[in-house]
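Working notes, structure below.
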2 protein chains.
Amino acid sequence: MNKQSYLAAAEQHCLHRGCKLTALRRHILELVLEYDGVVKAYQVLADLQRERGVAAPPTVYRALDFLVEQGLLHKVDALNGFVVCSHFECNHHGLILVCEQCGRVEEIDASQFLGALKEVTEAVGFESREQNLLLTGLCKACHA
Amino acid sequence: MNKQSYLAAAEQHCLHRGCKLTALRRHILELVLEYDGVVKAYQVLADLQRERGVAAPPTVYRALDFLVEQGLLHKVDALNGFVVCSHFECNHHGLILVCEQCGRVEEIDASQFLGALKEVTEAVGFESREQNLLLTGLCKACHA
DNA sequence: AGGGAAGTGTTATATAATAACATAATGACT
DNA sequence: AGTCATTATGTTATTATATAACACTTCCCT
Ligand SMILES: [Zn+2]
Ligand SMILES: [Zn+2]
Ligand SMILES: [Zn+2]
Ligand SMILES: [Zn+2]
């Protein structure tokens with residue numbers, strides 16, 4: 001999926017969810033899309049500052065938080081970063097694989113696995129928040 | 001296991017691993033043990049400052065990082081915190097459940113799922129490093 | 001004793017995130 | 001169109017988290 005159709009789909013996605021992908025939010029999503037893999041809030045902020053002269057952290061964080069809430073991005077706690085979700089349409093739980101060597105990021109759908117995991121946690125009375133799991137390791141290219 | 005025997009076991013654990021639980025590291029571990037659940041670096045720092053008058057972040061972070069490396073603590077990325085591991089002896093790869101509300105921590109066995117997880121990641125050619133999985137959510141008491 | 005390695009102290013700074021309040025845009029309803 | 005609540009964005013300041021860099025000490029081996 002190219003960026004333009006991604007953005008169009010994202011816009012529709014938000015509409016269906018009863019909120020709006022405003023110009024600012026859309027633009028910040030575009031900035032994130034420019035990167036491969038994990039993106040930091042302050043990288044986006046720097047991009048925005050380069051464009052507009054001034055921009056403050058809340059501007060970026062609000063938009064990023066919105067995008068996470070809509071499922072367009074995933075937060076990667078372990079790296080203080082964000083990754084684009086390429087299949088936000090389906091109701092999935094992501095499993096984010098980060099290569100320790102080359103930094104490449106891959107998200108695979110592990111709904112089945114995570115669903116089973118949820119059952120286990122519920123068995124001990126724990127209500128796990130919907131979240132993404134992050135695993136570090138070596139990607140296909142690097143461990144070959 | 002009470003704190004004294006935990007500390008003694010921790011000391012042995014480090015020795016077996018070829019390093020030392022120094023007085024400072026031990027003391028910081030003691031400070032962490034004073035809390036239930038997730039502890040923040042700056043909480044420990046404040047405790048240390050209360051005791052010694054002055055203390056700087058690196059003092060605390062170095063010790064915490066050491067303790068994580070030895071498996072005595074687990075890092076909780078999602079909360080920028082640390083939790084005590086109560087079974088560092090066994091070579092466990094458990095599932096750590098952290099309550100977002102009360103900070104309570106529970107580790108459950110998830111060995112069968114780690115196998116399944118490995119299969120999922122290997123299917124895409126990713127060699128995941130052995131690690132603990134951490135989930136945040138609401139504990140039995142808090143979501144009732 | 002000499003000398004390297006590991007540990008700790010100290011100062012400064014980098015990085016990440018939010019609080020609080022002001023202003024602007026939107027849209028529903030008269 | 002005018003009112004008004006709601007949402008979104010701008011702006012300033014601050015808090016929270018983590019590390020760099022360098023000095024000094026302690027420990028241990030020879
Ligand atoms: Zn996703
Ligand atoms: Zn790689
Ligand atoms: Zn553990
Ligand atoms: Zn709780």
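In what follows, chains are A, B, ... by sequence order, proteins preceding strands, each numbered from 1.
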Are any of the side-chain heavy atoms of V39(B) and V83(B) separated by less than 4.5 Å?
no
Quickly work out the Q43(A) CD to dA14(C) P distance and round it to whole Å.
17 Å
Measure from CD on E69(B) to C1' on dA6(C) and round the result to the nearest Å.
13 Å
For DNA chain D, which residues in residues 48-68 of chain B have a heavy atom at a distance below 4.0 Å?
P57(B), P58(B), Y61(B), R62(B)
Rounded to whole Å, CG of D77(B) lies from C1' of dA17(C) at a distance of 16 Å
R17(A) CZ - dT7(D) P separation (whole Å)
16 Å
Run the salt bridge (Lys or Arg N to Asp or Glu O under 4.0 Å) test against R25(A) and tell me which residues pass, sequence neighbours left out.
none
Hey, is the side chain of N80(B) poking within less than 4.0 Å of OP1 or OP2 on dA18(D), counting only N and O atoms?
yes
Residue closer to the 5' end of DNA chain C, L79(A) versus C19(B) (nearest nucleotide):
C19(B)
In whole Å, what is the span from the CZ atom of R26(B) to the P atom of dT8(C)?
14 Å
Nearest-angstrom distance from the residue atom NZ of K40(A) to P of dT19(D):
10 Å
Atom CG of L24(A) and atom P of dT7(D) are separated, to the nearest Å, by 17 Å
Just to confirm, is there a sub-4.0 Å distance from OP1 or OP2 of dA6(C) to any side-chain nitrogen or oxygen of T22(B)?
no
Indicate, yes or no, whether a donor-acceptor pair under 3.5 Å links the base of dA18(D) to the side chain of Y42(B).
yes
With a cut-off of 6.0 Å (strictly less than), are more than 12 heavy atoms of other residues, nucleotides or ligands near NZ of K118(B)?
yes
To the nearest Å, give me how far apart NE2 (H27(A)) and P (dG10(D)) are.
11 Å
With a 4.0 Å cutoff (strictly under), does any side-chain N or O of K20(A) reach OP1 or OP2 of dT7(D)?
no
Should R26(B) and E11(B) count as an ion pair when the cut-off is N to O under 4.0 Å?
yes
Does a nitrogen or oxygen in the side chain of K75(A) sit under 4.0 Å from OP1 or OP2 of dA17(C)?
yes
D65(B) bridged to R62(B) by N-O distance under 4.0 Å
no
Can K3(B) and E34(B) be counted as an ion pair, charged N to O under 4.0 angstrom?
yes
With a sphere of 6.0 Å drawn around CG of D36(A), does it hold more than 12 non-hydrogen atoms of other residues, nucleotides or ligands?
no
